[in-house]
Amino acid sequence: MDEIKNEVNGILKGAIRTAIEAGELPINEVPIIPFSPTKTPEHGDIATPIALGLAKSAKLAPTQIAEIIVKYVNQDEHPSIRNLEIAGPGFINVYLSHTWLYHTLRTIIDSGNAYGRSEIGTGKRVLIEFVSANPTGPLNIVSGRAAAVGDTLVNLLNAVGYEAIREYYINDAGGQVERLGESIDVRYRQLFGEADLEIPEGGYQGDYLREFAETIVAEEGDTYLKLSQDKRISEFRDKGIAHLLKLQKTSLERFGVHFDVWTSEKTIRDSGKPDQIIDMFREKKYLYEAEGATWFRMTDFGDDKDCVVIRTNGEYTYFVPDAAYHYDKYDRGFDKVINLFGPDHQGHITRLKNFVKALGLADDWLDIDIIQQVNLVDSDGTRLDMSKRQGQFYTLDALIDELAETVGEQFAVDVARYFFLMRANNTHLDFIIELAITQANENPVFYIQYAHARCCSIFHQATEQQIHLKPLNDISLEELTEPSEHELIRKLADFPSIVLSSATEREAHRIPHYLHELAGLFHPYYNQHRVLDTENIQRTYARLILVQSVQTVLVNGLKLLGISAPESM
RNA sequence: GCGCCUAUAGCUCAAUUGGAUAGAGCAACGGACUUCUAAUCCGUAGGUUGCAGGUUCGAGUCCUGCUAGGCGUGCCA
């Protein structure tokens with residue numbers, strides 16, 4: 001598609017140049033030619049609104065300009081163009097000769113699992129940090145969404161040439177993990193008769209800590225009661241972090257997400273890098289003392305408030321290790337860094353970006369996207385509210401468990417990933433459990449997977465009928481004359497540009513939509529036309545190539561999403 | 001109060017970033033299995049894109065002001 005677009009681009013530019021030289025187009029230079037999508041086949045294969053754009057500077061009616069441009073295209077010299085048409089307010093619709101369709105199929109077959117890949121990011125290293133949940137509880141649904149999106153984003157960036165990695169920041173230092181230690185301490189002592197002890201303010205109420213305390217007692221008995229409270233809490237903190245981190249890792253592995261790098265906040269703090277950051281900020285006069293604390297002049301960067309970086313008790317607020325962490329990312333040589341944050345980190349975005357700016361790094365070096373909230377919608381339409389602090393929350397594991405009950409483990413992961421990926425990141429996502437399981441028949445995931453299974457089935461049948469694929473050069477693709485076949489090929493031709501734009505715009509949801517559309521063209525085709533037909537073996541060979549191409553794109557697309565492509569269902 | 005996000009068919013969402021007649025899927029109704037898998041297909045229906053202005057050849061998309069919801073907002077992360 002891109003090749004042919006370039007060719008058409010060149011032809012139109014040539015026509016415009018000649019028109020200017022002939023004095024028919026009163027403009028100074030040949031403009032960049034925009035292409036707009038053709039929604040229906042009546043609009044041709046490629047369309048451009050260039051005449052609309054030139055209307056103002058040329059002081060001519062758009063249709064008039066379009067006519068002039070078309071007049072200067074010598075169609076005899078360009079066999080790839082079948083026809084040019086002026087339509088609507090002045091669009092130039094380009095109808096391509098069918099050879100490009102067949103060429104597309106050859107490209108897909110030749111490229112195989114590399115079809116869709118491109119090289120815009122070659123030589124650039126990108127780090128994507130996502131999930132990074134506090135090690136104070138199991139992963140919840142929003143973390144699951146972030147995991148699916150981040151994982152796919154890395155796949156997408158790698159597909160377009162970047163060298164992208166997955167990184168998890170472990171918040172194993174600071175106030176929250178202190179509360180974790182205290183909470184475990186309470187649960188532990190409750191098991192030794194102190195029933196009226198309560199979880200402290202800001203602590204963690206969830207049952208998982210009760211269970212964890214029981215495990216400790218079962219394994220080590222009352223040994224911790226002999227320690228001082230401070231010592232005991234710090235032991236429990238470290239034990240708890242290790243335990244919950246392991247739990248999170250297990251959930252992520254189950255969900256098919258493998259992080260390349262795990263960075264510990266505690267390690268960052270202990271490295272002395274935060275101290276260097278503070279020194280650097282002090283040197284640059286970004287800091288001042290007030291009310292017994294040390295403040296950062298956030299207002300210098302356009303924010304409406306300054307913020308505390310060293311508390312009155314002498315400890316750093318999380319900003320300092322966070323700034324140090326990002327400087328560390330920079331030190332590791334990444335050309336670009338992307339963070340996916342949960343909805344509760346809104347306020348952190350501007351500040352972190354400002355800190356990064358204060359470190360002297362480029363404004364667009366760090367991009368931060370919010371992965372919005374997920375509402376689990378119950379069968380009766382009620383939304384389950386989730387808050388870790390109140391102990392009432394839906395874990396990623398619980399969700400997969402629930403899905404797996406009806407559709408099995410593999411599909412449960414597939415369905416969850418698809419649902420998390422099908423919506424734009426910044427929209428609130430309603431996860432309708434009913435649609436994911438009870439109505440499995442109408443499920444978009446199955447719809448796509450079923451299309452793939454049907455492709456496989458056709459090849460299976462072909463083998464049974466002793467029909468064997470021939471080399472591409474021996475097959476006459478001109479047998480593919482049905483409009484539905486051409487429409488399918490056009491859709492297949494779109495795939496690389498969809499992958500490219502999803503990657504660069506970080507809009508992973510376009511892939512699920514695209515695959516659903518592709519399946520939506522394939523199923524009707526399958527129902528209306530037989531692929532295997534011994535009466536017409538030449539056409540059979542050609543159609544098998546088409547089916548193989550569809551299969552290839554489905555596999556490549558699903559792979560980007562981390563969703564399986566079953567051969568039979 | 002201020003900042004960010006969201007508002008599109010009964011429901012959940014798209015719309016290639018300013019392009020042609022705003023599209024899918026659910027849910028509803030009627031049809032199609034001696035056929036490469038009926039987890040499929042075919043047909044019917046659904047809209048003042050939250051409201052009011054503005055920018056221009058052209059606005060769901062951009063600017064302003066409202067309305068409603070979500071999140072955030074100087075020593076939690």
Side-chain angles (χ1 to χ4, degrees), chain A residues 34-40 42-43 47-49 52-53 55-56 61-62 87-91 93 132 134 136 171 173-179 202 265 290-296 298 303-313 315-319 322 342-350 370 372-373 377 381 422-424 426-432 434-435 439-447 449-451 453-462 464-465 494 497-498 501-502 505 507 509-510 513-514 516-517 520 523-533 547 568-569:
Chain A
F35 289 105
S36 64
T38 55
K39 286 175 187 166
T40 100
E42 288 98 68
H43 291 161
T48 172
L52 299 168
K56 201 168 194 177
F91 284 91
N93 293 336
S132 299
N134 291 326
T136 53
N171 300 112
Q176 304 218 345
V177 289
E178 290 305 321
R179 299 295 94 69
E265 176 181 350
E291 301 169 40
T294 304
W295 298 69
F296 180 87
M298 200 54 93
D303 210 332
D304 52 352
K305 286 160 189 163
D306 291 336
C307 63
V308 171
V309 286
I310 304 175
R311 290 199 278 263
T312 42
N313 67 7
E315 283 176 21
Y316 293 142
T317 58
Y318 74 103
F319 295 122
D322 223 20
D344 51 338
H345 283 62
Q346 283 278 4
H348 190 28
I349 295 179
T350 331
I370 289 282
Q372 267 297 350
Q373 195 177 339
V377 180
M422 73 196 289
R423 302 299 175 218
N426 58 359
T427 62
H428 296 215
L429 169 70
D430 274 7
F431 197 114
I432 306 167
E434 273 222 310
L435 181 63
Q439 301 164 344
N441 305 2
E442 317 299 338
N443 198 308
V445 189
F446 294 100
Y447 188 78
Q449 290 180 326
Y450 189 45
R454 276 182 152 172
C455 292
C456 295
S457 176
I458 289 172
F459 285 110
H460 186 72
Q461 274 295 323
E464 297 230 320
Q465 294 178 25
D494 282 342
S497 64
I498 299 283
S501 70
S502 306
E505 310 286 323
E507 307 238 309
H509 72 281
R510 289 182 195 175
H513 278 276
Y514 169 81
H516 195 257
E517 284 168 9
H523 283 305
Y525 174 69
Y526 178 94
N527 272 277
Q528 280 160 26
H529 305 287
R530 273 195 74 79
V531 173
L532 302 177
D533 181 4
V547 172
S568 68
M569 294 174 72

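Proteins get letters first, then strands, A, B, ... in listed order; numbering begins at 1 in each. It should be emphasised that the depicted structure is a prediction, and the values quoted were computed from it without experimental measurement.
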Proximity to the side chain of [X] - top-ranked nucleotide from [options]:
{"X": "A/E507", "options": "B/A15, B/A77, B/G1", "result": "B/A15"}
{"X": "A/D344", "options": "B/G72, B/G70, B/A38", "result": "B/G72"}
{"X": "A/V531", "options": "B/C36, B/C42, B/A77", "result": "B/C36"}
{"X": "A/Q528", "options": "B/A14, B/A77, B/C42", "result": "B/C42"}
{"X": "A/H523", "options": "B/A77, B/A14, B/U40", "result": "B/U40"}
{"X": "A/H516", "options": "B/A24, B/A77, B/C42", "result": "B/A24"}

Return the [atom1] to [atom2] distance between [X] and [Y], rounded to the nearest 0.5 Å.
{"X": "A/R454", "Y": "A/H460", "atom1": "CZ", "atom2": "NE2", "result": "16.0 Å"}
{"X": "A/F431", "Y": "A/R423", "atom1": "CZ", "atom2": "CZ", "result": "11.0 Å"}
{"X": "A/T427", "Y": "A/Q373", "atom1": "OG1", "atom2": "CD", "result": "11.0 Å"}
{"X": "A/N426", "Y": "A/H509", "atom1": "CG", "atom2": "NE2", "result": "8.5 Å"}
{"X": "A/T317", "Y": "A/W295", "atom1": "OG1", "atom2": "CH2", "result": "10.5 Å"}
{"X": "A/N134", "Y": "A/N171", "atom1": "CG", "atom2": "CG", "result": "4.5 Å"}

With rounding to the closest Å, how many angstrom separate the [atom1] atoms on [N] and [M]?
{"N": "B/G19", "M": "B/C62", "atom1": "C1'", "value": "14 Å"}
{"N": "B/C41", "M": "B/G50", "atom1": "C1'", "value": "38 Å"}
{"N": "B/C5", "M": "B/U64", "atom1": "P", "value": "12 Å"}
{"N": "B/U21", "M": "B/C26", "atom1": "C1'", "value": "25 Å"}
{"N": "B/A15", "M": "B/U61", "atom1": "P", "value": "14 Å"}
{"N": "B/U6", "M": "B/G43", "atom1": "C1'", "value": "36 Å"}
{"N": "B/G31", "M": "B/C71", "atom1": "P", "value": "47 Å"}
{"N": "B/A9", "M": "B/U55", "atom1": "C1'", "value": "29 Å"}

Greater than 12 external heavy atoms within 6.0 Å of A/H529's NE2: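 Yes, the 6.0 Å shell around NE2 holds more than 12 heavy atoms from other groups.
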
Using only side-chain N and O atoms of [X], determine if any of them is under 4.0 Å from OP1 or OP2 of [N].
{"X": "A/Y447", "N": "B/C41", "result": "yes"}
{"X": "A/H509", "N": "B/A15", "result": "yes"}
{"X": "A/R179", "N": "B/A77", "result": "no"}
{"X": "A/Y318", "N": "B/A77", "result": "no"}

Base, sugar-phosphate, or nothing: which does [X] touch, judged by heavy atoms less than 4.0 Å apart?
{"X": "A/T294", "value": "nothing"}
{"X": "A/T312", "value": "base"}
{"X": "A/R423", "value": "base"}
{"X": "A/E505", "value": "base"}
{"X": "A/E315", "value": "nothing"}
{"X": "A/F459", "value": "nothing"}
{"X": "A/Q346", "value": "base"}
{"X": "A/A462", "value": "nothing"}
{"X": "A/P62", "value": "nothing"}

[X] [atom1] to [N] [atom2]: how many Å, rounded?
{"X": "A/I370", "N": "B/G72", "atom1": "CD1", "atom2": "C1'", "value": "9 Å"}
{"X": "A/L532", "N": "B/C36", "atom1": "CG", "atom2": "C1'", "value": "5 Å"}
{"X": "A/H345", "N": "B/C76", "atom1": "NE2", "atom2": "P", "value": "14 Å"}
{"X": "A/I458", "N": "B/U35", "atom1": "CD1", "atom2": "P", "value": "15 Å"}
{"X": "A/L429", "N": "B/U12", "atom1": "CG", "atom2": "P", "value": "12 Å"}
{"X": "A/N426", "N": "B/A7", "atom1": "CG", "atom2": "P", "value": "8 Å"}
{"X": "A/D322", "N": "B/A77", "atom1": "CG", "atom2": "P", "value": "10 Å"}
{"X": "A/Q465", "N": "B/C36", "atom1": "CD", "atom2": "P", "value": "8 Å"}

Minimum heavy-atom separation for [X] to [Y], with atom names?
{"X": "A/P444", "Y": "A/H516", "result": "CB-CD2, 3.8 Å"}
{"X": "A/L532", "Y": "A/I458", "result": "CD1-O, 3.7 Å"}
{"X": "A/S36", "Y": "A/F91", "result": "OG-CE2, 3.8 Å"}
{"X": "A/K305", "Y": "A/M298", "result": "O-CB, 3.1 Å"}
{"X": "A/A293", "Y": "A/V308", "result": "CB-CG1, 4.1 Å"}
{"X": "A/P62", "Y": "A/L52", "result": "CB-CD2, 3.6 Å"}

5′-ward residue of the pair A/Y525/A/G292 relative to RNA chain B: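 In this pair, the answer is A/Y525.
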
Earlier contact from the 5' end, RNA chain B, for A/M422 and A/C307: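 On the 5' side of the pair lies A/M422.
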
Side-chain donor or acceptor of A/H523 paired with backbone N/O of A/Y450 under 3.5 Å: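 Judged by distance alone, no pair lies under 3.5 Å.
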
A/T48 (side chain) donor-acceptor with A/P34 (main chain) under 3.5 angstrom: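 Checked: pair present.
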
Contact pattern, 5' to 3', of nucleotides 28-34 of chain B - B, S or - by protein heavy atom under 4.0 Å: -------

Torsion-based syn/anti label for B/U17, 90° from 0 as limit: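 Syn, angle within 90° of zero.
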
Syn/anti label of B/C26 as read from its glycosidic torsion, with the cut at 90° from 0: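 Anti conformation for B/C26.
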
Please write out the pairs of protein N or O atoms and N or O atoms of nucleotides 19-23 of chain B separated by less than 3.5 Å, giving the distance to one decimal.
unit_1, atom_1, unit_2, atom_2, d
B/A20, OP2, A/K39, NZ, 2.6
B/A20, N6, A/N93, OD1, 2.7
B/A20, N1, A/N93, OD1, 3.0
B/A20, N1, A/N93, ND2, 3.1

base_contact_polar (B/C76 base, A/Q176 side chain, donor-acceptor, <3.5 Å):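 Yes.
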
Any donor-acceptor N/O pair under 3.5 Å between B/U17 base and A/R510 side chain: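 Side chain to base: pair present.
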
Base-pairing string, 5' to 3', of RNA chain B - Watson-Crick or wobble, under 3.5 Å, | interstrand: (((((((..((((.....[...)))).(((((.......))))).....(((((..]....))))))))))))....

